[in-house]
Amino acid sequence: MTRPLTPRWYSPAEVAVLLGFGISKVKMKIATGELRSIKDGKYRRILPEWVDDYIREQIDRQEAA
């Protein structure tokens, strides 16, 4: 019996699909520090909890407005 693998981290392109954004918007959010990421060699990676943190921050920002 096999179980599906869950990604341990995402590429910016995968995060764009998850959030329904274009890749350039995800890259902008990374560059401005809104979305946390790390560099692994020449690749940029984003942990799933950082995507959750970004979403939570957006919700908090909307509720405070």
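In what follows, residues are counted from 1 in the order of the sequence shown. All figures in this text were calculated on a predicted structure; none of them were measured in a lab.
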Distance check, rounded to the nearest 0.5 Å: R8 atom CZ versus T6 atom OG1?
9.0 Å
From L47 CG over to D53 CG, what is the distance, rounded to the nearest 0.5 angstrom?
9.5 Å
Single-linkage hydrophobic cluster F21~L18, side-chain heavy atoms < 4.5 angstrom
yes
Nearest 0.5 Å please: distance from the OG atom of S11 over to the CZ atom of R45.
5.5 Å
Sub-4.5 Å side-chain heavy-atom contact between V51 and Y54:
no
Taking C-beta and beyond as the side chain, do R44 and K27 meet within less than 4.5 Å on heavy atoms?
no
Any heavy-atom pair between the side chains of I46 and I30 that's under 4.5 Å?
yes
Are any non-hydrogen side-chain atoms of I38 and W50 less than 4.5 angstrom apart?
yes
Output the distance between atom CD (E57) and atom CZ (R36), rounded to the nearest 0.5 Å.
10.5 Å
Is it true that I55 and Y10 fall in one hydrophobic cluster, defined by side-chain heavy atoms closer than 4.5 Å?
yes
State the CD-CG distance between E63 and D60, to the nearest 0.5 angstrom.
6.0 Å
Contact summary for P7 and P48, nearest pair of heavy atoms
O-CG, 3.9 Å
